[in-house]
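Just below is one structure, and these are the notes that go with it.
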Amino acid sequence: MIPDTERTAPRATPVRRPEGRPGGRPPAPAARRPRAWWRRPWIIPLGIVVAAFLAYELPPYLTLDPARARVVLPAAFPPKYAVLIGHIVFGTVAQVTIFLQMWPWLRRRHPAVHRWSGRVYVFAGAIPSAVAAVVMLPFTPVPGRVGVSTAAVLWLVTTVMGYRMARRRRFAEHRRWMLYNFAIVAGINYTGLAIVVVGTHLPVAVDPVYLIEAARWLGWVVNLVVVQWWIDRRRTRPAAGFAGLAG
């Protein structure tokens, strides 16, 4: 006869190991493939905006004729035109290279190009262009002077901080500082120019002083607010792939 203890004992359920990897470990999640460059809906419009801005701003200065300058050249500061040309040349380099820096496909697929274009942006674009802008500020017209002065200083600060964070391999902070940097550049150039152009074509006459003040302040301030909102929404997103300028 079978003892009662053996008759009533439950059967042991066999343990099934998950399949897929040695040792019973679950399979690793599939790597997320980066989207193709043409699937970034903003990169092509951004390139068009940069090209259109340069096509509008550069021609008057290609002849090196001070009479064609778009800004007032005061007699109290004779070197202003030479400093202005330097600001524009370095600024053009900054416009082109910051577009490359903001291109996710280039950053992920060609990190060496991203690093070198970043160094060009910092040392042959943003820093010398911002310094030239600061040198000219005391001799610029009063309307918009405080706004553009603040933006120029912030452009310089965010460039330096972004570079330092990249050198320290703190890529999440590098990314944040460079997003602030781009917001300031786009605000002063693209958004500011759009405010002036739209304002001059309104059905109601607007004092140019107000337009200039709005362009020098509203563009980059609104851009910074939008960028901070975007960063807050995506704060949990990993910063992988933003190799920055280090290396």
Side-chain angles (χ1 to χ4, degrees), residues 45-102 117-159 181-202 205-220 223:
L46 176 61
I48 293 173
V49 168
V50 172
F53 175 79
L54 294 177
Y56 174 80
E57 286 290 335
L58 284 180
Y61 301 99
L62 296 178
T63 60
L64 302 180
D65 182 7
R68 299 189 61 190
R70 296 185 185 275
V71 297
V72 179
L73 299 174
F77 185 53
K80 182 177 180 180
Y81 186 71
V83 178
L84 177 63
I85 291 296
H87 169 69
I88 291 170
V89 170
F90 294 124
T92 300
V93 174
Q95 296 291 328
V96 174
T97 50
I98 200 171
F99 169 74
L100 298 177
Q101 294 303 100
M102 297 299 295
S117 63
R119 293 184 180 108
V120 172
Y121 172 77
V122 170
F123 297 109
I127 289 180
S129 185
V131 169
V134 171
V135 170
M136 293 187 296
L137 286 175
F139 308 97
T140 57
V142 174
R145 181 186 295 175
V146 177
V148 76
S149 302
T150 307
V153 172
L154 290 177
W155 186 24
L156 188 60
V157 170
T158 53
T159 300
N181 188 274
F182 175 74
I184 294 168
V185 172
I188 283 294
N189 294 319
Y190 318 138
T191 312
L193 180 61
I195 291 172
V196 174
V197 171
V198 172
T200 54
H201 290 82
L202 291 175
V206 180
D207 191 332
V209 172
Y210 295 123
L211 288 177
I212 295 173
E213 286 287 357
R216 298 305 192 188
W217 281 105
L218 195 59
W220 64 268
N223 281 9

For Tyr61 and Val89: C-alpha separation, side-chain torsions, deciding distance, then whether side chain to side chain contact (heavy atoms under 4.5 Å, CB included) applies.
CA-CA 10 Å; Tyr61 301 99; Val89 170; over 6 Å; no
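Nearest heavy-atom pair across Pro138 and Val134 is CD-O, 3.5 Å. The minimum heavy-atom distance linking Lys80 with Pro74 is given by the pair CD-CD, 3.4 Å. Shown here for Gly118 and Gln101, the closest heavy-atom pair between the two residues is N-OE1, 3.2 Å. Between Pro128 and Ala124 the shortest heavy-atom distance is CG-C, 3.9 Å. Shortest non-hydrogen contact noted between Ala130 and Ala152 is CB-O, 4.1 Å.
Rounded to the nearest 0.5 angstrom, Phe123 CZ and Phe90 CZ are separated by 13.5 Å. Distance check: Arg145 CZ to Phe139 CZ gives 9.5 Å after rounding to the nearest 0.5 Å. Taking CG from Leu62 and CD1 from Ile85, the interatomic distance works out to 8.5 Å, rounded to the nearest 0.5 Å. Taking CD1 of Ile127 as the reference point, atom CH2 of Trp155 lies at 10.0 Å (rounded to 0.5 Å). Here the OG-OH distance, from Ser129 to Tyr121, works out to 9.0 Å after rounding to the nearest 0.5 Å. For the atom pair Ile184 CD1 and Thr159 OG1, the distance stands at 8.0 Å (nearest 0.5 Å).
In this structure, Tyr81 contributes its side chain and Asp65 its backbone to a donor-acceptor pair below 3.5 Å.
The shortest side-chain heavy-atom distance between Leu84 and Leu73 falls under the 4.5 Å cut-off. Residues Phe182 and Asn223 are not in side-chain contact: their nearest non-hydrogen atoms beyond the backbone lie 4.5 Å or more apart. Arg216 places none of its side-chain heavy atoms less than 4.5 Å from the side chain of Val146. Side-chain atoms of Ile98 and Asn181, non-hydrogen and from C-beta on, do get closer than 4.5 Å to each other. Counting only heavy atoms from C-beta outward, the side chains of Tyr56 and Arg70 approach each other to under 4.5 Å.
Scanning for side-chain contact (heavy atoms from CB on, under 4.5 Å) contacts around Leu58 gives Leu54, Ile88, Thr92, with sequence neighbours left out. By the side-chain hydrogen bond (donor to acceptor under 3.5 Å, both in side chains) test, Trp220 is found to be paired with no residue, residues two or more places apart in sequence or in another chain being considered.
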